[in-house]
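Take a look at the structure set out below.
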Amino acid sequence: MIPGRAFVSLPVPLPARPAPGDTRAKEPAMSDMITADLVDLDLSADTKEAAARALAERMVALGRVTHLDGFLVDVAAREAQMPTGLDGGIGIPHCRSEHVTEPTLAFGRSARGIDFGAADGPADLIFLIAAPAGADDAHLTILSSLARQLMNTEFTDALRAAGDARTAAALIRGEEAPAAEAAAAGPARPAASTEPAAAENAAAPAENSVAASVAASAGAATGTTGLPEAPEAGEEDGERPFRIVAVTSCPTGIAHTYMAAESLENAGREAGVEVVVETQGSAGFTRLDPAVIAAADGVILAHDVAVRDKDRFAGKPTVDTGVKAAINRPGELIAEVRDKAARGEVTSGSPGATPVERTGDSGEGYGTKLRKWLMSGVSYMVPFVAAGGLLIALGFAIGGYEINKAPAVTDHFVWGQADSWAALLFQIGGVAFAFLVPVLAGYIAYGMADRPGLVPGFVGGSIALTVNAGFLGGLAAGLISGAVVLAIQRVRIPAALRGIMPVVVIPLISSAVVGFLMFVVIGKPIASAQKAMTDWLNGLSGANAVLLGALLGLMMCFDLGGPVNKVAYTFATAGIAVSDPSDSAMKIMAAVMAAGMVPPLAMALATTVRGKLFNAAERENGKAAWVLGASFISEGAIPFAAADPLRVIPASMVGGALTGALSMVFGATLRAPHGGVFVVPLIGNPLLYLVAIAAGVVVTTGLVVLLKGLRRPADTTAPGPGPAAPPAEAKQPVAA
């Protein structure tokens, strides 16, 4: 039995709708999710936001969505995680939302095309998928069947040729087969079929496009295969095909997860390779049979969220990539894993819940991969920065600025003396800070080479501290460690030695190589560069310091917690990650934190003073943004930026630049790397510091209100096609 061939057309019909008067509980069906009223074959929208609004208005008109703007915020938030455009002219905006009453699908066809971020250009087929926050597995399985069917060119060609909304809706429901599929159905039947059986097959709706995919999805979810007993390619002459197991998953788990699975299975059939896919989607998942994993020759992990139970695949050649890569170029991934198997490359496995679990998609440029590797190190370093920095700052606040000269608390600690407690806090914070560079280096290497990179990364980071190479040395050590491990893993080794590679050979060789390079070759030059940068910062004054503050403010507000924001924040925290930071380093830290507080506070103020410019969901988010902004959590402005990036982000950058520049002008200093207004007592010139923040907040608020006021307000209660419905606001109490 060949698991890779499970997804051939199976005679399992879609669940039927109950007849009138039938009192049985209605089974979910695609016919419940899309009707002709949810189809727009002349979609006139120019942007993906406008397209989502136009299709969502049809859902509102039918009572499927209770709050238009709130639902669109959820769609935009999902889009911000990863573009939903796919090669082949397809856009699939989708989300789970509390504003959706039942799983619903709307379809639009655009003559001009709409940019959904696909590499091959705009999309002309747009599917808006709306799932309730608590959608049941049966509904999600049917939605996943549509996602699989989008990989069928006959299906998409038929939708492009559909002449009216009813025909398009019938095609999506599977009630009408694509013409090419119907033409091919006759000759494909086995000659031995009896006439009654042939007549039954002709009459059954099971051979339609979506029904077969539902059966496939059900088979994947339950672990069943339904495979023919006939031998596959290569088995008749004693050779077995190459076997691959795969896992696909995406943030929402509704569309990309299943499209990637279908794409890999189709490519496997074309290449004569057995492919078995575990879809970790919203409808839950059934783990691959351990026997199937053990028999596999290679592994493909196509995911944008953590792969659950990833250690199951340890010791096998593995391609680890994003879910879109499996959709757009599955053949390349299959060829890549076969090449790795031929070279004897294996992975050691790693824990599933990590922020960066792969080296980057094969098609990504080196710059994109480098950013991911660095962000892996920074994301693990930041908690050490926050804990150590706040403890050190509290130590100074309680014991004064001479507390760094206090004796070790192991030698002198008096329970009743405040200075002893201040020294304790300061020294604990110093220990936490001592981990910054090793953690940074270790997890940069982890982002590149998975768990085998941790040992040489930590060793290289510790050596960077020893030779006074500091933060720059940690960056270099992490990148070198990851590169060395990747190079070792490419060496073909006998199968008998593979078991000891991750725990003995790789740590031993990589640590020795990295240690040699850091101690003897590059450590001293990097230490000199680190000292030069520190001296330059200490010499900043006047206009140069103001310009630096404005630049850091722009960066903090550009992507609100994203890579650019993290670069500015890491630059600032590196300067104070010592027991006695310079005055200029503390000024930079103050400017960065002040600018990072501006966007959420400005959005909160804007929703308060001009609430009519924002929808109900944004006004609710504005209440939370007060606390998030005051706590220096720039991500509090993300919902606003996702819904209206062209107005919110530029306005935030202007206010952030002003705040950063003013903070430098006022000479505000900060020893703590986090805390917002709660560490104001630890700030030098605190009153002027608050003035700088207030100025940036007021400017950003004014710009947002002005820009939003200039646009023509959209009519969010328009009924659109189909029967009229009450305004979305009126339905909220019912939804509640």
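Sequence positions, counted from 1, serve as the residue numbers for this chain.
Partners of Glu79 by side-chain hydrogen bond (donor to acceptor under 3.5 Å, both in side chains), not counting sequence neighbours, listed by chain and number: Thr84. For Ala76, the side chain to side chain contact (heavy atoms under 4.5 Å, CB included) test picks out Ala642, with sequence neighbours left out.
The shortest side-chain heavy-atom distance between Val439 and Phe458 falls under the 4.5 Å cut-off. Residues Ile588 and Leu552 meet the side-chain proximity criterion, which asks for heavy atoms closer than 4.5 Å. Using a 4.5 Å heavy-atom threshold, the side chains of Val73 and Asn615 count as touching. A heavy-atom distance below 4.5 Å is not found between the side chains of Leu670 and Lys587. Between Phe519 and Ile463 there is a side-chain heavy-atom pair separated by less than 4.5 Å. Annotation: side chain of Leu613 is in contact with side chain of Val705 (closest heavy-atom distance under 4.5 Å). Taking the side chain as every heavy atom from C-beta outward, Ile114 and Phe116 approach each other to under 4.5 Å. Using a 4.5 Å heavy-atom threshold, the side chains of Asn565 and Phe558 count as separate.
In plain terms, the two heavy atoms of Val75 and Ala52 that are nearest each other are CG1-CB, 4.4 Å. Among all heavy-atom pairs drawn from Gly523 and Ala469, the shortest one is O-CB, 4.0 Å. The minimum heavy-atom distance linking Ala123 with Gly91 is given by the pair CB-N, 3.5 Å.
Of the residues Arg647, Met603, Arg610, the one that meets the side chain to side chain contact (heavy atoms under 4.5 Å, CB included) test with Val704 is Met603.
Within the structure, ring pair (Phe, Tyr, Trp, His ring centres under 6.0 Å) pairs that include any residue of residues 665-690 comprise Phe632-His674 (at least two apart or interchain).
The neighbour count for Phe435 CZ, taken as heavy atoms of other residues, nucleotides or ligands under 6.0 Å away, does not exceed 12.
Checked for salt-bridge contact, Lys48 and Asp115 miss the test: no charged N lies under 4.0 Å from a carboxylate O.
Taking CG of Leu475 as the reference point, atom CD1 of Ile444 lies at 5.0 Å (rounded to 0.5 Å).
The distance between the ring centers of Trp421 and Phe413 falls below 6.0 angstrom.
Formation of a donor-acceptor pair under 3.5 Å by the Arg671 side chain with backbone atoms of Leu682 is not found in this model.
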